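So the structure is just underneath, and the comments pick up after that.
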Amino acid sequence: MEYAPEEYTRHYIVQALFKLMSAYEYEKITVTDIAEKAGVGRATFYRYFKSKEDVITFYFEHNTKEFIFSQRCYPRCKEDYVKVVTNVLTLFKQNKEPFKLLRKAHLEYIYLDYLNKNFIVTFENEHPDKNKYAPYLYSGMLFNVSMAWLNNDCDQEINSVADMIVSSIYFQ
């Protein structure tokens, strides 16, 4: 992950939280622990984040920015959608260790909330004529499939998972 110079502190805090989560139960990790591990003070932590959950949300937001920046495809056909979903799953697999830590700490809801929020915004901007429940269908499917895939250590081929997802919702 690449960070802009002003985001280095946030990056250190994110990395500190995930390192601590790999060694300790999430509930027992304090803001003081995170700040010390990141090499910052508690006040600095609170300058950037309101809570530990906000650190995780920032992690998703940063990865989404990286993903969107790397996309050069605007889907027009089934193959384009498969390519987009393949890219999403590739990013997910590259970051499976933090997702495993979230699952271990029973924090998957942060991921689902994040997906819901972003699919709602996307649908409002790009598909305002769609059913108001459509964003939840897409985010729920991506969430459930990615969590099941994670349970199997992301061992099924990315392209086959992407094709399965797109085939279940793409009707020509």
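Model, not experiment: these values are computed from the prediction. Residues take their numbers from the sequence shown, with the count starting at 1.
- The line from NZ of K104 to CG of L102 is 11.5 Å long, rounded to the nearest 0.5 Å.
- A distance of 6.0 Å or more separates the ring centres of F58 and Y48.
- Looking at V31 and Y46, their side chains come closer than 4.5 Å, going by heavy atoms from C-beta outward.
- Nearest approach of C154 to K93, heavy atoms of both residues: O-NZ, 3.3 Å.
- Taking CD1 of I158 as the reference point, atom CG of L89 lies at 6.5 Å (rounded to 0.5 Å).
- Taking CE of M21 as the start and NZ of K100 as the end, the distance is 13.5 Å to the nearest 0.5 Å.
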Criterion side chain to side chain contact (heavy atoms under 4.5 Å, CB included) on V40 and R47, from CA distance to verdict: CA-CA 11 Å; V40 300; R47 183 177 310 129; over 6 Å; no

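- Contact record, A16 with A38: CB-N, 3.6 Å, taken as the closest heavy-atom pair.
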Evaluation steps, side chain to side chain contact (heavy atoms under 4.5 Å, CB included), between R10 and H62: CA-CA 10 Å; R10 287 183 183 100; H62 180 77; over 6 Å; no

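- For the residue pair Y24/D33, the side-chain donor-acceptor check at 3.5 Å is not satisfied.
- For the atom pair E53 CD and L17 CG, the distance stands at 9.0 Å (nearest 0.5 Å).
- Considering every non-hydrogen atom in both S167 and K78, the closest pair reads OG-NZ, 2.9 Å.
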Side chain to side chain contact (heavy atoms under 4.5 Å, CB included) between F60 and I110, intermediate numbers included: CA-CA 9 Å; F60 291 136; I110 298 173; 3.9 Å; yes

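- For the pair K19 (side chain) and K37 (backbone), a donor-acceptor distance under 3.5 Å is absent.
- Summarising the geometry, atom NZ belonging to K117 is positioned 10.0 Å from atom CG belonging to D113; distances are rounded to the nearest 0.5 Å.
- In this structure E108 satisfies the salt bridge (Lys or Arg N to Asp or Glu O under 4.0 Å) test together with R103, sequence neighbours excluded.
- Criterion: ILVMFWY side-chain heavy atoms under 4.5 Å apart, direct or through other members. Under it, L137 and V121 are not part of a common hydrophobic cluster.
- Pairing each heavy atom of F45 with each of K52, the nearest pair is CZ-N, 4.3 Å.
- Not a single donor-acceptor pair under 3.5 Å links the side chain of D153 to the backbone N or O of D155.
- Around atom OH of Y26, more than 12 heavy atoms belonging to other residues, nucleotides or ligands sit under 6.0 Å away.
- Ring geometry for Y8 against Y12 counts as parallel: the plane angle stays under 30°, on a 0 to 90° scale with 60° as the upper cut.
- Using a 30° and 60° split on the angle between ring planes, F92 and F99 fall in the tilted class, from 30° to 60°.
- For F143, the ring pair (Phe, Tyr, Trp, His ring centres under 6.0 Å) test picks out Y111, with sequence neighbours left out.
- Of the options V82, T86, V85, a side chain to side chain contact (heavy atoms under 4.5 Å, CB included) to D163 is made by V82 and by none of the others.
- Grouping the Ile, Leu, Val, Met, Phe, Trp and Tyr side chains by contacts below 4.5 angstrom, directly or via other members, places L115 apart from Y136.
- Going from atom CZ of F18 over to atom CG of L101 covers 7.0 Å, rounded to the nearest 0.5 Å.
- Closest non-hydrogen pair, E61 versus Y114, comes out as CA-OH, 3.3 Å.
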Test log, rule side chain to side chain contact (heavy atoms under 4.5 Å, CB included), inputs F119 and L142: CA-CA 11 Å; F119 271 94; L142 181 58; 4.1 Å; yes

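- Note: the hydrophobic cluster containing M141 does not contain I120 (ILVMFWY, side chain heavy atoms under 4.5 Å, direct or indirect links).
- With a 4.5 Å cut-off on side-chain heavy atoms, N95 and Y59 count as touching.
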